[in-house]
There are 2 protein chains.
Amino acid sequence: VLSYPAMQARDREPAGPPTILVHAGAGPMGSELREHGQEAIDVLGEILRAAGAQLDSGAAAQAVVMAAVEGMEDCGLFNAGYGAALCSDGSVELSAAVMRGSDRAAGGVAGLHVVRHPIHAAAAVLESGQVLMIGEHAERLALAGGAERWANSDFVTERQRARLIRGAEGPPEDRGTVGAVCLDAHGHLAAGTSTGGINGQPPGRVGDSPLIGAGTWADDRVAVSCTGDGEAFIRVGVARWIASQVAHGVPLQTAAREALDDVGSLDGTGGLIALDRTGQLALPFSTEAMPRGIWQAGRSPDVQLT
Amino acid sequence: VLSYPAMQARDREPAGPPTILVHAGAGPMGSELREHGQEAIDVLGEILRAAGAQLDSGAAAQAVVMAAVEGMEDCGLFNAGYGAALCSDGSVELSAAVMRGSDRAAGGVAGLHVVRHPIHAAAAVLESGQVLMIGEHAERLALAGGAERWANSDFVTERQRARLIRGAEGPPEDRGTVGAVCLDAHGHLAAGTSTGGINGQPPGRVGDSPLIGAGTWADDRVAVSCTGDGEAFIRVGVARWIASQVAHGVPLQTAAREALDDVGSLDGTGGLIALDRTGQLALPFSTEAMPRGIWQAGRSPDVQLT
């Protein structure tokens, strides 16, 4: 463990190269990934290339995270925005969070039904001075701020309807929460996460994604976005724990792995992406698959499923 | 900072004496505390005596925390349950959380309107295997589990109605979120928090109280319950940060003070109560007042307002 003076010296090191990591959910290698794996790879590659162009032109980490998450919310392959998992009553309930490392400004939303891009609603909360808003009041705030309105049925895909009908009888499925963490050219970090929760979940259930410190975190040292068994991730306080460990000098990959092991000790599985100011990366997962990608300045996007 | 072997040795030390700490909100010395200070002292003293009797007879930390929070939700003097602060539309929106250190089982609720004791709803969520539930679905779960139903108007007191009318024009008022942390005779910890939020808050706003790792935390080393500017407490991840610091060997009082200083760096004020397995206590606050009390085995309750 680093001494405090060593930690402070580390904080004065030059920042690493502009970087973005994305994930599209840790889970089994479900039918969606088996059938549409190449499509998922292509979508994540496109998102990373666009993010890289933004970063090359000096965009702020939060803006890059927002665009990447919005792209994953739009594509219909993942469990966020369009194509999100259905609750037990057939409705879609969406949640998301975004956090900016430079000033720890943060916004989260849960229980959304009619905002096309939940990550936009999270940003509207961040801008409002609140940190967490739920339900129709969060929607009203987001829509007043210019977020696009969809009917709840607009989010529903045939794939998710079939999954809900198959329910627990069906084969294990990919889970598909999405997230991004970014280090920009100014040395600032941001993190964002968006999800539809769990196939067949009770309406009103909230997982770790919209909760600052559980599924999403960014400060001036580290940014984290999680995916997996949300209840276990909340009970570990995964994202805040990793940031605390890094503050105490634990290397990022060690901190990320230990947090995931702790999730395992509560019978949870999942994964996460984490990035520190010096450019260290961690993308561990304890499931079969976690679609994920890396872009770092000067390199091509690298996307993997398993 | 302690080395890991030293931390592990510390974890093997005998547990401290059975202890409970309670708080009834950090804030200005408002009119309620000036007029009803003695009543608040008496109520907290009664709650501590009852908790002490429970602990003396071997009750588990979670049960003791539940009873203490329930008592504070009932009394009408504090901003939780009966007598909670009103939202801008005149409604009462309640939230609460409870966490058990031994297995980190946790439950939180937000956006409740009709459950008399929000802490009971939090416990129902803990038992359900969920961790966070919001709105009417959380209410349905709690009521099905035997929690008592109240009409929303049953929570409204004349004092809170007058405060809402005075609004920002009025004098600064005590804030009154309540919480308890406990170490039982078996060496196990628990924490619970309950609140009505902020006078005049927008409906749908959620603060730190119901969020595991923000306003409420318990593991096998430390239990924490917070009160204050919820948005700043979430952005610091106060409770999880304190637990992380203690895991790294930082003394509890130092960890608690540093977390509150960090809240201050985000222009937030508030306070917290924290208790570790060895019996160390911390009850810091950065406001004029924080009604709070301590009971430790073999001693009389000690209650203070400022």
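Quick note on labels: first sequence line is chain A, next is B, and so on, each numbered from 1.
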B:Arg205 side chain vs A:Val131 backbone, donor-acceptor pair below 3.5 Å: no
Using non-hydrogen atoms only, which part of B:Ala110 is less than 4.5 Å away from chain A: side chain, backbone, both, or neither? both
Using 0.5 Å steps for rounding, measure from the CZ atom of A:Arg104 to the OG atom of B:Ser265. 5.0 Å
Please classify the contact of A:Ile234 with chain B as side chain, backbone, both or neither, using a heavy-atom distance under 4.5 Å. both
By a 4.5 Å heavy-atom criterion (distance strictly below it), what part of A:Leu141 contacts chain B: side chain, backbone, both, or neither? neither
For the atom pair CD1 (A:Ile212) and CZ (B:Arg240), what is the distance rounded to the nearest 0.5 Å? 16.0 Å
Check the angle between the aromatic planes of A:His248 and B:Trp241 and answer parallel, tilted or perpendicular using the 30° and 60° thresholds. tilted
Under 4.5 Å from any heavy atom of chain B - which part of A:Val125: neither
Taking B:Gly108, B:Ala106, B:Pro203 one by one, which has the highest count of heavy-atom pairs under 4.5 Å against chain A? B:Pro203
Between the CG atom in A:Leu132 and the CG atom in B:Leu132, the distance rounded to the nearest 0.5 Å is 8.0 Å
Is A:Ile134 close to B:Glu93 at the side-chain level, that is, under 4.5 Å between some pair of heavy atoms? no
Tell me, out of A:Arg235, A:Gln130, A:Gln201, who's got the most heavy-atom pairs with chain B below 4.5 Å. A:Arg235
With chain B, the option among A:Gly204, A:Ala105, A:Gly135, A:Ala138 that has the most non-hydrogen atom pairs under 4.5 Å is A:Gly204
Toward chain A, the part of B:Ser128 with a non-hydrogen atom under 4.5 Å: neither
